[in-house]
Q: 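Take this structure first; my questions come after.
Because the structure is a prediction, the values reported are computed rather than measured.
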Amino acid sequence: MSTDQIRTSLSRRSFLAGSSLLAAGSLASLAGCAPKSAESANPDEALAETGADTTSPWPGEPPVISDDEVVETIETDFLVIGAGTGGLFAACAAGEAGLETLVIDKTNGGVVRDDIGAVNSRLQQQSGYTIDKQAFMKDMYHYAAGQCNMALHHVWFERSGETVDWYENLLAEYGITLWHEHAEEKNEPNYPHWATGHSPAWPADGSLNGFEVLKDHAEKTGAVSFRFQTPMRSLIMEDDRVVGAWAEGEEGFIRINARKGTLVCTGGYGRNDKLMKQLQPHTTSIFSYNSAQPGCEGDGIRACLWAGAKMDETHSSMLFDRSSVAPDALGGIDNTEGQVFWMGSQPWLKVNLNGERFCNESGTYDYILHADASQPGNIHVCLWDADWMTYAEQFDMHGCSRLFEFDNGAPPNFTADIVAAMNDGLLEMGHIQQADTIEELAEKLGLPADALVETINRNNENYDNGNDPDFGKEPFRLSPVRKPPFYGVRTTGAMLCTMDGIVVNTHGQALRADGTIIEGLYVTGNDSGAYYSMTYPNLATGHACGRTVTFARMIAQDIAAS
């Protein structure tokens with residue numbers, strides 16, 4: 001497959017709509033992609049310019065802005081802070097209801113994520129796939145270790161289908177097909193997969209994307225306007241109610257008065273390394289590739305905290321086991337050389353730096369990363385052989401880790417052929433190592449040869465016996481490392497976004513520590529909390545994006561009807 005062919009194949013979707021494959025002679029890495037957004041200034045520097053205290057512990061002190069400094073005052077019914085996935089869905093719903101709406105963003109606009117999770121959409125019903133609500137809710141409760149508000153999951157379960165139906169109709173107006181990614185489990189997995197994913201089939205030439213479709217539709221309603229390169233500095237409070245926000249334009253400070261409500265959806269703080277290290281030291285030790293969207297630096301959450309809102313006390317991120325590093329490197333946020341290793345989530349044999357197997361590799365994407373934290377170097381090594389594509393198909397993976405067409409014809413994020421080309425790029429740049437013997441491979445990866453040979457022999461024995469008495473991997477997800485050439489790569493985490501945020505109720509309203517509502521303040525997406533904890537339920541494809549758009553649309557509709 002040529003570079004041009006791979007680029008064409010990748011144009012439909014990238015690293016969950018946050019990255020695109022780059023080529024410089026070889027296919028070596030994934031990085032941020034369209035819609036292009038200007039890099040924002042350092043958030044602490046920007047806040048310091050407004051008089052905010054950025055030296056004290058998070059969240060610091062809010063800036064002091066007086067009316068004397070205001071160069072413009074804007075009146076609107078509904079203010080949306082953040083023009084990403086949630087902000088644009090909210091803007092469209094508000095515009096359709098005739099609600100005068102202003103959307104501001106500190107960049108030129110965010111990225112709209114694909115993989116939208118929903119239950120009981122038309123497409124899901126047409127596929128004949130149903131989800132048992134009690135079983136699903138129990139699974140979500142287990143993923144969060146009980147640290148969530150299950151009433152919020154109930155809202156998503158009941159209302160996500162209508163949101164995706166609306167999006168399907170809108171996309172059809174632009175000639176875009178929305179796929180439901182459905183495939184029946186052919187075997188009994190350790191962890192159930194929920195076929196909730198819906199993804200648009202964007203044009204192969206990259207001429208259209210979610211940002212352009214949603215922004216265009218919102219503007220066509222005649223009720224929605226946008227201000228880009230206009231960062232929000234803080235929320236405006238009057239009598240314990242949020243009545244708008246201070247923002248900053250090219251000429252100076254802007255006062256935006258929002259008569260009916262303000263929605264904060266700025267994407268969390270995944271691009272704020274300083275804050276990540278402060279709030280999530282465990283997380284920052286187990287990833288080396290960051291695909292969080294540019295501009296997601298905690299501005300929205302900080303402003304809500306200044307307004308008196310409560311933030312989740314357990315801080316966590318969405319992590320995938322899909323980052324490669326050099327064979328002499330370790331993981332962690334300070335390793336900026338991490339690359340996307342897409343097939344890392346496949347249940348290959350995985351060992352620590354002592355050459356020893358230490359977990360069941362057939363789990364959810366971040367389980368092995370959390371296990372890495374107790375292993376040498378906080379990292380693991382993936383191993384496979386020349387027949388890897390045969391075993392990848394046998395694994396019967398679902399969701400975004402799937403490499404083969406779904407049962408209903410929906411294409412995967414990346415096909416096995418594209419992944420093979422991606423691997424070639426990682427091989428060329430020296431991340432993936434290839435050898436004709438296990439001993440040679442061990443040397444190239446910095447592993448003890450005797451221990452690795454013993455581990456592989458045991459793995460191959462388990463495969464031959466169709467049983468894993470050591471860690472309980474399902475028989476259909478066992479694979480030998482037997483046919484040369486052999487391959488291996490040091491693997492760590494890829495971080496997609498932060499998951500902790502402002503505690504909200506079932507209407508998306510921000511809450512104080514005592515549970516009271518902050519009137520006028522709504523939060524959705526990665527700025528909102530009380531929904532995820534500990535780990536992300538990635539076997540419910542698109543669950544986070546589905547939560548974002550469902551609540552965004554609901555909030556706008558509720559405000560318009562009030």
Q: Test of understanding: with ring pair (Phe, Tyr, Trp, His ring centres under 6.0 Å), list the residues that count as partners of F551, not counting sequence neighbours.
A: none
Q: What distance separates W166 CH2 from L171 CG, expressed to the nearest 0.5 Å?
A: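 Answer rounded to 0.5 Å: 8.0 Å.
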Q: For a quick test of reading the model, state the closest non-hydrogen atom pair linking A540 to T196 and the distance between them.
A: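 Minimum heavy-atom separation between A540 and T196: C-OG1, 3.2 Å.
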Q: Test of understanding: with side chain to side chain donor-acceptor pair (under 3.5 Å), list the residues that count as partners of T266, not counting sequence neighbours.
A: D527
Q: If you measure only the distance, is there a donor-acceptor pair under 3.5 Å linking the side chains of E181 and S199?
A: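 There is such a pair (donor and acceptor under 3.5 Å, judged by atom type) between the side chains of E181 and S199.
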Q: Could you tell me whether the side chain of D114 reaches within less than 4.5 Å of the side chain of W202, counting heavy atoms only?
A: yes
Q: Can S345 and R322 be said to form a side-chain hydrogen bond (donor to acceptor under 3.5 Å, both in side chains), step by step?
A: CA-CA 6 Å; S345 296; R322 298 181 193 169; 2.7 Å; yes
Q: Between E100 and K260, is there a side-chain N and carboxylate O pair less than 4.0 Å apart?
A: no
Q: Above 12 or not: heavy atoms from other molecules or residues under 6.0 Å from OH of Y141?
A: no
Q: Could you check whether the rings of Y143 and Y367 sit parallel, tilted or perpendicular, using 30° and 60° as the cut-offs?
A: tilted
Q: Can you name the residues that form a ring pair (Phe, Tyr, Trp, His ring centres under 6.0 Å) with H370, not counting sequence neighbours?
A: H282
Q: Can you tell me if M137 has over 12 outside heavy atoms packed within less than 6.0 Å of its CE?
A: yes
Q: Could you check whether any side-chain heavy atom of L305 comes within less than 4.5 Å of a side-chain heavy atom of I301, counting everything from C-beta outward?
A: yes
Q: Sub-3.5 Å donor-acceptor pair from the side chain of S533 to the main-chain atoms of A530, do we have one?
A: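 Flag not set: sc S533 to bb A530 has no pair under 3.5 Å.
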Q: Are C545 and T85 packed together at the side-chain level, in the sense that at least one heavy-atom pair is separated by less than 4.5 angstrom?
A: yes
Q: Test N290 against I333 for side-chain contact (heavy atoms from CB on, under 4.5 Å), laying out the working first.
A: CA-CA 8 Å; N290 190 341; I333 193 172; 5.6 Å; no
Q: Taking NZ, NE, NH1 and NH2 as the nitrogens, is one of them in R233 or E248 under 4.0 Å from a carboxylate oxygen of the other?
A: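 A salt bridge is present here (some side-chain N lies under 4.0 Å from a carboxylate O).
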Q: Any side-chain heavy atom of R512 within less than 4.5 Å of one from K310?
A: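 When only atoms from C-beta onward are counted, K310 and R512 do not touch, as no gap falls below 4.5 Å.
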Q: Yes or no on salt bridge (charged side-chain N to carboxylate O under 4.0 Å, His left out) for K277 and D334, after CA distance, side-chain angles and deciding distance?
A: CA-CA 10 Å; K277 289 180 178 180; D334 292 325; 2.9 Å; yes
Q: Go through the side-chain N and O atoms of D514 and T516 and say whether any donor and acceptor fall under 3.5 Å apart.
A: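 Present: a donor and an acceptor within the cut-off.
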Q: Excluding sequence neighbours, so at least two apart, what forms side chain to side chain donor-acceptor pair (under 3.5 Å) with N526?
A: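 Counting only residues at least two positions away or on another chain, N526 forms no side chain to side chain donor-acceptor pair (under 3.5 Å).
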Q: For side-chain hydrogen bond (donor to acceptor under 3.5 Å, both in side chains), just list the numbers for R122 and N169, CA-CA rounded to whole Å, side-chain angles, deciding distance to a tenth of an Å, and then say yes or no.
A: CA-CA 11 Å; R122 281 192 306 263; N169 292 341; 2.7 Å; yes
Q: Do I256 and I104 make a side-chain contact, defined as non-hydrogen atoms from C-beta onward lying under 4.5 Å apart?
A: yes
Q: side-chain hydrogen bond (donor to acceptor under 3.5 Å, both in side chains) for T550 and S160? Distances and angles first, verdict last.
A: CA-CA 5 Å; T550 299; S160 57; 4.8 Å; no
Q: Taking only residues two or more places apart in sequence, or in another chain, which ones meet S285 in a side chain to side chain donor-acceptor pair (under 3.5 Å)?
A: N378
Q: Under the ring pair (Phe, Tyr, Trp, His ring centres under 6.0 Å) rule, collect the residues that match up with Y531, sequence neighbours excluded.
A: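 Only H153, H543 meet the ring pair (Phe, Tyr, Trp, His ring centres under 6.0 Å) criterion with Y531.
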Q: Below 30° counts as parallel, above 60° as perpendicular, anything between as tilted: where do the rings of Y532 and Y536 land?
A: perpendicular
Q: If you measure only the distance, is there a donor-acceptor pair under 3.5 Å linking the side chains of N120 and Q125?
A: no
Q: E162: what forms a salt bridge (Lys or Arg N to Asp or Glu O under 4.0 Å) with it, not counting sequence neighbours?
A: R159
Q: Salt bridge (charged side-chain N to carboxylate O under 4.0 Å, His left out): which pairs involve residues 129-158, sequence neighbours left out?
A: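 Checked against salt bridge (charged side-chain N to carboxylate O under 4.0 Å, His left out) - neighbours excluded - the pairs reaching residues 129-158 are K133-E158.
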Q: Which residues pass the side chain to side chain donor-acceptor pair (under 3.5 Å) test with E238, not counting sequence neighbours?
A: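 By the side chain to side chain donor-acceptor pair (under 3.5 Å) rule, E238 matches R255.
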Q: Answer with yes or no after comparing the ring centroid distance for Y167 and F89 against a 6.0 Å cut-off, counting only values under it.
A: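 Under 6.0 Å, so yes.
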Q: Could you check whether S323 and S288, counting side-chain N and O atoms only, form a donor-acceptor pair closer than 3.5 Å?
A: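 Checked: S288/S323 side chains pair up, N/O donor to acceptor below 3.5 Å.
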Q: Go through the side-chain N and O atoms of T541 and D115 and say whether any donor and acceptor fall under 3.5 Å apart.
A: no
Q: Do you know which two heavy atoms are closest between V103 and A91, and how far apart they sit?
A: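 Closest approach of V103 to A91, heavy atoms only: CG2-CB, 3.8 Å.
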Q: Ring centres of F136 and W156 under 6.0 Å apart?
A: yes
Q: How would you list, by chain and number, every residue that makes a salt bridge (Lys or Arg N to Asp or Glu O under 4.0 Å) with D216, sequence neighbours excluded?
A: K220
Q: Are the side chains of L102 and V80 in contact, using a 4.5 Å heavy-atom criterion?
A: no
Q: For A245 and M232, work out which heavy atoms get closest and say how close.
A: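 Minimum heavy-atom contact is CB-CG, 4.0 Å.
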Q: Suppose we screen for ring pair (Phe, Tyr, Trp, His ring centres under 6.0 Å). Which residues come up paired with W246, at least two apart in sequence or across chains?
A: none
Q: What is the minimum heavy-atom distance between P281 and L279, and which atoms define it?
A: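 Smallest heavy-atom distance, with atoms named: CD-C, 3.4 Å.
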Q: Is any NZ, NE, NH1 or NH2 atom of the basic residue among R227 and E72 found under 4.0 Å from an Asp or Glu carboxylate oxygen of the other?
A: yes
Q: Can a side-chain donor-acceptor contact be found between H198 and S121 if the only test is distance below 3.5 angstrom?
A: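 The answer is yes; a qualifying pair exists.
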Q: Please assess N413 against W342 for the test side-chain hydrogen bond (donor to acceptor under 3.5 Å, both in side chains), listing each intermediate value before the final yes or no.
A: CA-CA 10 Å; N413 282 54; W342 191 260; over 6 Å; no
Q: I need the minimum non-hydrogen distance between R547 and G525, along with the two atoms involved.
A: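 Heavy atoms of R547 and G525 come nearest at NH2-O, 3.3 Å.
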Q: Check A510 against I502 and note the closest heavy-atom contact, atom names and distance.
A: CB-CG2, 3.9 Å
Q: Tell me which one of Y289, F287, Y365 satisfies ring-ring contact (aromatic ring centres under 6.0 Å, His included) with F320.
A: Y365
Q: Does anything in residues 551-562 pair up under salt bridge (charged side-chain N to carboxylate O under 4.0 Å, His left out), and if so which pairs, sequence neighbours excluded?
A: E96-R553
Q: Would you mind reporting whether P200 and Y174 have side-chain heavy atoms less than 4.5 Å apart?
A: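 Heavy-atom side-chain distance check fails, nothing below 4.5 Å.
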Q: Are the side chains of E313 and Q147 in touch, meaning some heavy atoms are under 4.5 Å apart?
A: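 Counting from C-beta outward, E313 and Q147 never come under 4.5 Å.
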